[in-house]
Amino acid sequence: MNRVFLYGVISLLLVLSACSHKQHDSFEDVVDEALNFACEQSLLMAGSLKDSHQKLPQTSDRFGQLITCYPAWWVSGFFPGQLWYLYEYSNREELKEMAQLYSERVRDQQFTTDNHDVGFMIFCSYGNAYRITKDTSYLSVINNAAKSLATRYRPSTATIRSWDAAPWNKQWQYPVIIDNMMNLELLMWNARQQNDITLMDIAIHHANATMKNHYRSDYSCYHVVSYDTISGQPHLFQTSQGYSHESAWARGQAWGLYGFVTMYRFTKDARYLEQAEKIASYLLTHPHMPEDKIPYWDFDAPNIPDCYRDASAAAIMCSALIELSTYADARKSQAYLEVAKQQIVQLSSREYRNALGNNANFILKHSVGHMPNNWEIDVPLSYADYYYIEALMRYKNLINE
Ligand code: GLY
């Protein structure tokens with residue numbers, strides 16, 4: 001009788017342990033399934049443009065047909081970067097070959113000095129290429145890109161200028177957009193790699209000016225701050241891609257969060273961590289943050305909840321929150337990871353993910369590029385895919401550690 005009881009208890013424990021493993025495994029399974037799917041979908045995308053000289057994926061039209069861009073467009077580095085991440089994940093030679101092929105297409109952008117996007121273009125592509133392969137031939141590309149970006153810094157404003165002339169808004173004397181926080185990683189990485197204090201100073205000055213001038217008291221941010229070129233002081237606080245000057249454009253909030261997390265990684269300056277946590281708190285407690293944690297395209301869009309979501313904002317935010325969780329105290333860390341996991345589950349669901357071979361072989365759907373201009377509304381975007389894959393890889397690295 002005792003033996004029967006003992007067998008019963010042991011069986012129950014085995015079942016419970018299997019169940020708890022199953023539960024534990026299930027989120028990891030979501031991540032692995034998502035990365036495996038991303039490998040297949042990205043190989044289809046890569047194959048479809050293999051022989052199209054100088055073209056890179058941008059988005060799709062409303063019929064699901066691929067829209068490409070040339071290397072000088074700001075999104076060009078995301079697809080090569082995505083392929084590098086997937087090569088890192090899978091170790092598949094064909095992904096490496098495609099990552100090399102598409103990285104070559106953006107190589108010349110290292111010399112871009114007429115806008116700030118050189119950081120996006122070169123650090124997402126060549127930054128990952130070097131990190132993963134340690135092939136030193138990539139280093140000069142990354143070093144040159146940092147030098148190009150640094151040419152856009154003016155001590156009088158203590159910021160890097162985002163755009164030169166903006167024909168659509170002639171009032172802006174010296175526009176700096178929140179997106180520019182993303183390009184500081186290129187400077188900080190090079191500063192460390194080359195022991196170049198000037199690059200570090202530029203990044204720190206830019207981050208400090210952004211913290212002071214872009215952010216409102218509730219830790220939402222303006223999209224565009226224009227500086228007066230004579231006084232060096234901000235003279236206009238506006239938007240270009242958001243709903244209104246005073247609204248909180250979702251992707252802009254995500255760029256800012258990600259940027260300050262990155263600055264904390266390099267500097268360990270507590271002010272950047274605090275800033276990132278305040279931005280995260282603004283986002284996580286916002287009454288317009290949907291249950292599934294995929295933001296509307298603007299937190300102040302007038303027709304919420306009947307308006308478009310922006311999967312790209314969710315993917316950027318998700319990747320940033322995973323990194324932030326590694327710096328925060330245990331309570332906050334858990335809260336950040338919970339949201340990031342929810343975002344991964346949602347983005348990996350049929351609601352947000354395309355089927356294999358569909359929608360021009362992009363991974364995610366439902367992003368918004370530029371609502372006020374009526375461009376890229378409710379479509380896939382190459383940067384949504386890039387930051388989603390980065391988030392998946394960051395999560396994997398986190399649990400492996
Ligand atoms: N300008 C970059 C973006 O659309 O977020």
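Note that ligands are numbered from 1 as they come in the structure, with each ligand's atoms numbered from 1 the same way.
Separating the CG atom in Leu321 from the CG atom in Leu284 is a distance of 6.0 Å, to the nearest 0.5 Å.
Taking the charged nitrogens against the carboxylate oxygens, Lys365 and Asp378 have no contact shorter than 4.0 Å, which rules out a salt bridge. A salt bridge is defined here as a Lys NZ or Arg NE, NH1 or NH2 lying under 4.0 Å from an Asp or Glu carboxylate O, and Glu28 with Lys396 fails to meet this definition.
The single protein non-hydrogen atom nearest to atom 1 (N) of ligand 1 is Asp179 OD2, 2.9 Å, given as residue, atom name and distance. Among all non-hydrogen protein atoms, the one lying nearest atom 5 (O) of ligand 1 is Arg251 NE, 2.7 Å.
The distance between the ring centers of Tyr222 and His214 does not fall below 6.0 angstrom.
Looking only at distances, no side-chain donor or acceptor of Asp228 sits under 3.5 Å from a matching main-chain atom of Gly232.
Residue Trp255 has at least one heavy-atom neighbour below 4.0 Å for each of these atoms of ligand 1: 3 (C), 5 (O). Residue contact check: Gln241 has heavy atoms under 4.0 Å from atoms 1 (N), 3 (C), 4 (O) of ligand 1.
Taking 4.0 Å as the cut-off, Trp249 counts as a neighbour of ligand 1 on heavy-atom distance.
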